[in-house]
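Read the structure below first, then the notes.
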2 protein chains.
Amino acid sequence: MTVREPTEPTGVGSRPRPATLTDVARAAGVAPSTVSRAFTKPGRVNAGTREHVLRVAAELGYRPNPVARALESGRTSTLGLVVSDITNPHFFALVRGAERQASTAGFTLLLGDTQQSPQTERTVVDRIHASVDGLILAASRLPPAELRAYAATKPLVLINRQTEDVTSVVTDHVDGPRQIVEHLHSLGHRALVFLSGPRESWSGAQRWAVIRDAAKSLGIAATRLGPFPPSMAGGPAAADAAIGTAATAVIAHNDLLAIGALRRFGDRGLTVPGDISVVGFDDIFGADFCAPPLTTLTGPLDEAGRKAVEILVTQPEITVRAPRFSLPSHLKIRESTGPARPRA
Amino acid sequence: MTVREPTEPTGVGSRPRPATLTDVARAAGVAPSTVSRAFTKPGRVNAGTREHVLRVAAELGYRPNPVARALESGRTSTLGLVVSDITNPHFFALVRGAERQASTAGFTLLLGDTQQSPQTERTVVDRIHASVDGLILAASRLPPAELRAYAATKPLVLINRQTEDVTSVVTDHVDGPRQIVEHLHSLGHRALVFLSGPRESWSGAQRWAVIRDAAKSLGIAATRLGPFPPSMAGGPAAADAAIGTAATAVIAHNDLLAIGALRRFGDRGLTVPGDISVVGFDDIFGADFCAPPLTTLTGPLDEAGRKAVEILVTQPEITVRAPRFSLPSHLKIRESTGPARPRA
DNA sequence: CTGAAAGCGCTAACAC
DNA sequence: GTGTTAGCGCTTTCAG
């Protein structure tokens with residue numbers, strides 16, 4: 001039997017081996033199981049012993065090793081959150097909401113970024129898969145079959161993506177986009193343009209479908225331009241493309257693109273909303289203080305994050321029944337939309 | 001000996017037990033150690049055997065369990081990143097930089113939020129401590145002794161906080177603030193005000209110290225107001241307080257506070273920079289498109305995140321020597337600063 | 001080159 | 001109420 005000296009440093013500048021449960025047991029003169037119980041089942045151990053054990057543990061600076069605990073129990077108290085582009089402020093609120101809810105529940109978040117690539121997404125998910133009790137995939141680009149395969153293996157919640165047999169939380173994608181069209185219509189706009197984002201975006205497809213139908217039923221024109229990168233950098237191209245049309249209002253795939261377009265319109269000498277109205281999606285940080293403040297459809301992403309975490313923490317079993325949740329969004333009217341003025 | 005049936009589902013709606021290394025070994029007709037080697041030491045196993053094992057593993061959908069691997073090796077390929085308030089956009093760039101660098105290195109990030117409380121910080125750090133190979137604490141509020149204690153236990157890198165015997169990465173906090181003062185001085189400002197953030201903020205203290213000294217040596221007045229919450233919500237109170245002084249320029253503890261103040265000045269009928277100039281810190285997302293775009297000191301936080309991760313991934317040992325790194329920051333002059341105009 | 005066996009730190013039966 | 005024992009899934013000596 002090899003016994004390592006508990007506290008012997010192994011060399012200059014190295015770190016001491018942290019105390020283990022066994023060390024504590026030995027020092028306290030009790031069995032390992034007693035120490036374990038002292039920490040995890042306070043009721044099932046003599047109060048005096050417990051106190052003693054706890055004291056000795058504190059002296060030794062003992063802290064239970066979650067890795068060992070996880071190996072035994074199969075539970076890690078950790079949730080994986082995978083987003084498609086952590087660089088995108090769109091996801092900040094999501095990460096924030098998820099983190100808050102997780103920490104409230106005593107869970108920790110493992111963060112992953114797919115950099116918009118399905119291949120990377122696969123790698124990331126495979127890697128964290130076994131280390132988490134549940135998985136949240138935001139705006140996943142994975143094909144349905146793969147998503148189902150993951151869901152069969154581990155509690156999985158999709159955010160802003162829906163697929164058969166997989167639990168999802170989406171921000172409303174029907175009423176919201178329709179409200180935008182109605183808002184614009186009521187302001188007198190009769191031709192609008194949708195500045196689209198990535199082709200593979202599920203939510204982007206939903207948005208356009210609803211916008212197109214709503215426009216049709218109101219008898220106004222709607223055309224789609226793009227795809228454009230869903231970032232501020234995509235703004236100039238998107239704005240320029242819009243200027244080439246007869247539209248008096250643009251609806252951008254997201255706020256980032258909208259803000260980018262806003263600036264470009266300014267640079268090109270167009271005033272917003274005087275010459276052209278602009279609407280975004282998400283109500284990201286900054287949408288309320290850009291110039292002019294942006295009319296946008298709130299996408300309660302922090303709430304979506306909270307909801308997803310809540311599901312995984314309190315009732316992971318229900319994910320096998322693949323319920324779908326939809327969170328209401330509403331139109332936040334600010335100053336980037338106004339009455340239509342026919343353009344020359 | 002208890003042998004669980006490898007693939008038998010345990011009930012309706014439950015999930016199959018994932019294949020383990022042992023399952024693969026059995027199915028492939030080899031020893032567990034051979035399977036292990038096939039995955040981790042490709043050289044030390046017969047090419048044919050290896051191929052066979054890999055094929056069987058693939059068929060079974062086997063994926064090595066990182067938790068078990070970590071327990072044995074003591075390494076988790078995971079880094080803990082703890083920020084004081086994930087709600088603060090200030091940290092977005094940090095999280096982003098850290099995540100990118102980590103994933104490049106094949107590491108995963110565990111995210112923690114201390115909600116500005118030292119007590120919570122302790123809890124969070126204690127909890128993730130054993131699950132990570134290294135720790136990054138951003139804007140830590142912990143006392144030096146505790147920080148040292150953690151550093152003695154695990155590779156630790158502090159961001160924007162310095163303490164003896166602990167490795168740190170800070171964005172320059174001397175030249176930068178001085179540049180702000182000089183910039184303002186050169187525009188003719190002779191009285192400025194510092195809108196301070198939380199009292200416990202290490203970087204806030206540094207900033208004020210340099211500003212005060214720089215002002216003194218330039219022979220201009222500098223006073224400190226506050227503390228104010230370092231958020232947009234803190235802006236109104238901060239702006240109002242500043243209006244009550246003779247200052248023609250304000251330097252805010254961070255961009256959030258600066259943007260909040262910007263809006264308040266507008267609401268109160270003051271034009272920026274006509275009536276008063278405003279400077280922030282960090283160059284957060286949005287600083288370039290608020291109205292007017294904010295002059296601010298860049299705090300290369302994404303780079304700081306990358307640097308911290310890089311240290312922990314490539315040379316964790318050096319943290320015992322507690323080197324200090326400082327990343328250059330520079331003044332980004334935009335439109336919120338202009339020539340001083342004496343106020344009534 | 002491959003197998004057998006020990007054990008990482010912890011929890012959970014199962015005794016006593 | 002407490003100790004003993006057997007693993008969780010994997011890597012790693014150590015034999016063969």
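Here is the naming used below: chain letters follow the sequence lines, and residue numbers restart at 1 for every chain. Quick caveat, the model's predicted, so the values are computed rather than measured.
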Should we count CZ of B:Arg324 as having more than 12 external heavy atoms under 6.0 Å?
yes
Under the criterion side-chain hydrogen bond (donor to acceptor under 3.5 Å, both in side chains), I'd like the reasoning laid out for B:Arg15 against A:Thr319: C-alpha separation, chi angles, the key distance, then a yes or no.
CA-CA 11 Å; B:Arg15 302 171 201 274; A:Thr319 57; 2.4 Å; yes
B:Arg26 CZ to C:dA4 C1', in whole Å, measures 16 Å
### Message
Does D:dT2 have OP1 or OP2 under 4.0 Å away from a side-chain N or O of A:Thr49?
### Response
yes
| said: Any carboxylate oxygen within less than 4.0 angstrom of a Lys/Arg side-chain nitrogen, looking at B:Arg100 and B:Asp302? | reply: no
Q. Any donor and acceptor pair, going by atom type alone, linking the side chain of B:Asp133 with main-chain N or O of B:Ser77 inside 3.5 Å?
A. yes
Rounded to whole Å, CZ of B:Arg44 lies from P of D:dG16 at a distance of 19 Å
Between CG of B:Leu71 and C1' of D:dT12 the distance, given in whole Å, is 13 Å
- [ ] Begin from the C-alpha positions of A:Ser84 and A:Arg161 and carry the test side-chain hydrogen bond (donor to acceptor under 3.5 Å, both in side chains) through to its verdict.
- [x] CA-CA 12 Å; A:Ser84 63; A:Arg161 165 81 190 258; over 6 Å; no
Exercise. Could you tell me if the ring centre of B:Phe39 sits under 6.0 Å from that of B:Tyr62?
Key: yes
Of the listed D:dG3, D:dG9, D:dT2, the closest approach to the A:Val30 side chain comes from D:dG3
Per-nt protein contacts along nucleotides 10-16 of chain C (heavy atom under 4.0 Å; B base, S backbone sugar-phosphate only, - none) come out as SBBB---
When rounded to whole Å, the CG to C1' distance for the pair A:Asp23 and C:dG9 reads 10 Å
* Asked: Reckon A:Val67 touches a base, only the sugar-phosphate, or nothing at all at heavy-atom distances under 4.0 Å?
  -> nothing
